[in-house]
Amino acid sequence: MGFLAKKIEEQKQSKDAAAAKIKERLEFLQCAAKNKIENFEAEMQVEFQRAKETAESWSIVGRPFEFLAQYRVDVKEGISKEIEDALDGLFQFDKRSLKSALSVLVKNALKEVVITASVGESYMKHFFIVPYNNAIIRTDIRVWRYNFSNQAVIGNIENAFCFITSKAVIDHKRLTADELIYFVTEGLNGASLEQVGEYIGELKKIWSMLEKPGYTTPDKFTSGALPLQAAPTGWERV
């Protein structure tokens, strides 16, 4: 398995006529994958906007602040170490339990589309709600995979695999007490009531501080896009 862009670069280094044809087909595949990712992002943005406008109590979507994508080829059966590392790079948890819990949730969701052997397109979308950076975060993942009928289509490449993920901050005031308990428990990998209560208690301290009279949100957080760190290794910002 490897990055699609790296495979294209490898073919550019070769002067062989066959390599030129493979490069051309890979570039076409890359365009198709990027088009899929752009469509996924557009769908996600529509869903976020619709939820904002309707303000339905059951619509737990949040405010999106980051979209990241990856493009790969030759994904084999099972979740490889490379995909695990890519997923781990999305979140930098201080608590190992949070990192491992989210990793398990995402890998279980990806498993079906990663192991499929069906020729043609496969598609998966899923979302998770977890405590992260002292807030409640929703992360959406959408995956597209294309399996070729044989290895002769583009060199010896068997499939293309791309996925996009977004992070959105959920307004905790829209969560019911039951929902908050459930999502925090799931995010803490089935933690005990004592651990969940301690975590929610710490969140409530921050929320209470923000609700005190005279507190104002810094302009940099209200005037547009949220400030972001560099994209994790292997990810492209969409």
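We number each residue from 1, following the sequence as shown.
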What side-chain donor-acceptor pairs closer than 3.5 Å can you find for residues 30-42, not counting sequence neighbours?
from, atom 1, to, atom 2, distance (Å)
Lys34, NZ, Glu236, OE1, 3.3
Lys36, NZ, Glu121, OE2, 3.1
Asn39, ND2, Asn35, O, 3.4

Minimum-distance pair of heavy atoms, taken over all atoms of Cys162 and Tyr71: CB-CD2, 3.8 Å
Minimum heavy-atom distance between Ile181 and Thr185, given as atom pair plus value: O-OG1, 2.6 Å
Residue list, salt bridge (charged side-chain N to carboxylate O under 4.0 Å, His left out) with Glu10, at least two apart or on another chain: none
Test log, rule side chain to side chain contact (heavy atoms under 4.5 Å, CB included), inputs Ile22 and Asp16: CA-CA 10 Å; Ile22 293 174; Asp16 185 73; over 6 Å; no
Partner set under side-chain hydrogen bond (donor to acceptor under 3.5 Å, both in side chains) for Ser208, not counting sequence neighbours: none
Partners meeting salt bridge (charged side-chain N to carboxylate O under 4.0 Å, His left out) with Lys173 (sequence neighbours left out): none
Salt bridge (Lys or Arg N to Asp or Glu O under 4.0 Å) evaluation trace for Glu202 with Lys205: CA-CA 5 Å; Glu202 292 301 313; Lys205 289 180 183 179; 3.4 Å; yes
For Lys21, all residues meeting salt bridge (charged side-chain N to carboxylate O under 4.0 Å, His left out), sequence neighbours excluded: none
Minimum side-chain heavy-atom gap Ile129-Glu179 below 4.5 Å: no
Approximate separation, where rounding is to 0.5 Å, of Leu175 CG and Phe183 CZ: 7.0 Å
Interatomic spacing from CD in Gln11 to CG in Leu26 - rounded to 0.5 Å: 6.0 Å
Verify same cluster id: Ile170, Trp207 (apolar side-chain graph, 4.5 Å): yes
Residues which pass ring pair (Phe, Tyr, Trp, His ring centres under 6.0 Å) with Tyr146, listed by chain and number, not counting sequence neighbours: Phe148
For Glu24, side-chain hydrogen bond (donor to acceptor under 3.5 Å, both in side chains) partners two or more places apart: none
CD1 on Ile206 to NE2 on His172, rounded to 0.5 Å: 10.5 Å
ILVMFWY cluster, Tyr182 and Ile200 together (side-chain gap under 4.5 Å): yes
Check: Phe163 and Arg145 side chains under 4.5 Å, non-hydrogen atoms: no
Atom pair CG/CZ of Asn159 and Arg72 - distance to nearest 0.5 Å: 12.0 Å
Glu43 bridged to Lys125 by N-O distance under 4.0 Å: no
By side-chain hydrogen bond (donor to acceptor under 3.5 Å, both in side chains) - contacts of Gln45 (at least two apart): none
Heavy-atom closest pair, residues Leu203 and Ala135: CD2-N, 4.2 Å
N/O donor-acceptor pair under 3.5 Å between Thr139 side chain and Ser166 backbone: yes
Contacts of type side-chain contact (heavy atoms from CB on, under 4.5 Å), residue Asp178, not counting sequence neighbours: Thr176
Within-4.5 Å side-chain heavy-atom neighbours: Gln70 and Phe161: no
Glu27: partners by side-chain contact (heavy atoms from CB on, under 4.5 Å), with sequence neighbours left out: Ile8, Lys12, Lys23
Name of the residue among Phe127, Phe67, Phe128 meeting side chain to side chain contact (heavy atoms under 4.5 Å, CB included) with Asp140: Phe127
